[in-house]
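Just so it is clear, the values below take in all heavy atoms, side chains as well, and ignore hydrogens, waters and symmetry mates.
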Amino acid sequence: MAEYVSSILEALSDFKDLEMISFTDHNHICFDLYKAFYDAKSRISLLPGIEIDVALEKGGTAKHLVVYFDAMNDLGKLQSLATKINAFLEKRNVGSGPGKQPVDIHELLDELLGYKVDFVLSPHALKQGKRGIDYDWHPLPEEEMSNEIKKFRDQFFCFWESSGKSEIARAVEFLKRMESDELISVVAFSDSKGLEDLKAYAKEPPQYFNSLPNFNGLKLVGSEISRITHSQTFVDENDLGSFIGSIEFEGQCLGLSPRLNAIIGGRGSGKSVLLDSLANSLDPSKGDLQESRRAFVSGLQIKVRTMSGFDISSGQFRFDYYNQNYVASLFSKSGDEFNTEIEKYFSDTFSKVESIDKGSIERGNSERFYQLLESFEDKLPENIVGFVDKLVVDVKDGLEMNIGERKSKAKVEDKKLESFDYRSGLVKVSWTEK
């Protein structure tokens, strides 16, 4: 088992941005495989999962459903989980081979809920034919199809698993038709059968997830489709020092992204203590802290590093810090009162913003417009008569239509060739937007 894990890690060693994987064997969790992986101390996180043959209704065809569990790096919890679910599936002879049968979805959910371990569900969609959750819906009228989807969306099946860019695109278009594209994320995972296939998939993945490599990160991907991108988003190497990458606070390490980070917790859980400590360590003059509060947070252990891994000393990092009471009072206001308060608080910043030179922008846009127009005119078709015949504007006041045999030499009257002008084009665009 250790040798097999080593071969997987070797195959993935060149992909530095790959941070999390999962082994989802069919109808079985191999605990020994997970243990061997955790023993290897890899930088890559491993999320426990399993792929199960389920029936959405009694006597229905088997569908493939992937279940991911919140049991990372907890061998005791994972072993207990694997023992229970393996016994449950073996007792019911679950599978898709001869003599096997799918497990009823309601029976499976009752079993999973009894484990007291958080999990998320991801059915196959628009892949593997009859095993996809959508296969039986397509022959239905659209209204019935939409009703079926509503049963299996939102927090029940928050994301569907497909494979490859074309399948993802088809699934997204399908969900748009059903007005569910904002409620269900379509994700792609590798069904690679060998290490070479796995390397090829990792080299050109169809998607990237903008989330932390853990169970909660996967849940966010399922509930916020904006976290899934088709191209990789990353911070330029020269800008890594401009972002806080990690915070070590009282023995715990918090990883941060270059985007929006939110600290969520109940009252008294330490959110304010963490932020006050962070502000105090970066610049003691910021934060408007009372002396007693400053003395308290100064005694706490905190170390802040950039995304490039270097320690940040006091005064090296520029930031803004808003008092909790100010934020609370600000959002108790609305309308003009809210706008006035914002302008008052940021008056110094607003005063430093340079005015926009609209004339310069317009001149630049106009110049580019006529350059493009000139480039287009250089490529006019040879058959200018046919070109003019297509690009005409009818300026008649009345509409006269004669349906019948077309006369080859009919005279075209009251028509003109459309002209292109930058300023009149802006007027048309503005009118259209209104």
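- The residues R305 and E248 are annotated as salt-bridged, a charged nitrogen and a carboxylate oxygen being separated by less than 4.0 angstrom.
- You'll find the side chain of M72 reaches within 4.5 Å of the side chain of N214, heavy atoms only.
- Side-chain atoms of D53 and H64 form a donor-acceptor pair, as typed in the model, at a separation below 3.5 Å.
- With contacts defined as side-chain heavy-atom distances shorter than 4.5 Å, the pair L278/I302 qualifies.
- Between P102 and K63, the closest side-chain pair of non-hydrogen atoms is not below 4.5 Å.
- Expressed to the nearest 0.5 Å, how far OG of S292 lies from CZ of R294 amounts to 10.5 Å.
- Residues L275 and Y321 have side chains in contact (heavy-atom distance under 4.5 Å, counting atoms from C-beta outward).
- Judged by distance alone, the side chains of S231 and T229 never bring a donor and an acceptor atom under 3.5 Å apart.
- With a 4.5 Å cut-off on side-chain heavy atoms, P258 and M307 count as touching.
- If you check the side chains of N27 and E51, you find no donor sitting under 3.5 Å from an acceptor.
- Nearest heavy-atom pair, D311 versus Q316, reported as atom, atom and distance to 0.1 Å: O-OE1, 3.8 Å.
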query = So L56 and T61, side-chain contact (heavy atoms from CB on, under 4.5 Å) or not? Walk me through it.
reply = CA-CA 8 Å; L56 302 181; T61 56; over 6 Å; no
From CA spacing to verdict: side-chain contact (heavy atoms from CB on, under 4.5 Å), V221, N210 = CA-CA 8 Å; V221 168; N210 297 298; over 6 Å; no
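- For F23 and Y34, the distance between ring centers is under 6.0 angstrom.
- Side-chain atoms of D336 and F338, non-hydrogen and from C-beta on, never get closer than 4.5 Å to each other.
- Annotation: the span from L112 atom CG to I85 atom CD1 amounts to 5.0 Å, rounded to 0.5 Å.
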task = Starting from the C-alpha separation in whole Å, work towards a yes-or-no answer on side-chain contact (heavy atoms from CB on, under 4.5 Å) for E10 and S6.
result = CA-CA 6 Å; E10 175 63 27; S6 296; over 6 Å; no
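- The shortest heavy-atom contact between D70 and V117 is O-CG1, 3.8 Å.
- The distance from the NZ atom of K303 to the SG atom of C253 is 11.0 Å, given to the nearest 0.5 Å.
- Atoms NZ and OH, from K219 and Y68 in turn, are 15.0 Å apart once rounded to the nearest 0.5 Å.
- Side chains of R293 and D276 form a contact here, defined as non-hydrogen atoms less than 4.5 Å apart.
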request  = I would like to know whether L9 and F37 meet side-chain contact (heavy atoms from CB on, under 4.5 Å); could you show each step before the answer?
outcome  = CA-CA 9 Å; L9 293 177; F37 189 96; 3.6 Å; yes
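- A donor-acceptor contact under 3.5 angstrom links the side chains of N280 and S298, judged on distance only.
- Checked for salt-bridge contact, K344 and E341 miss the test: no charged N lies under 4.0 Å from a carboxylate O.
- No side-chain heavy atom of F243 sits under 4.5 Å from any side-chain heavy atom of T306.
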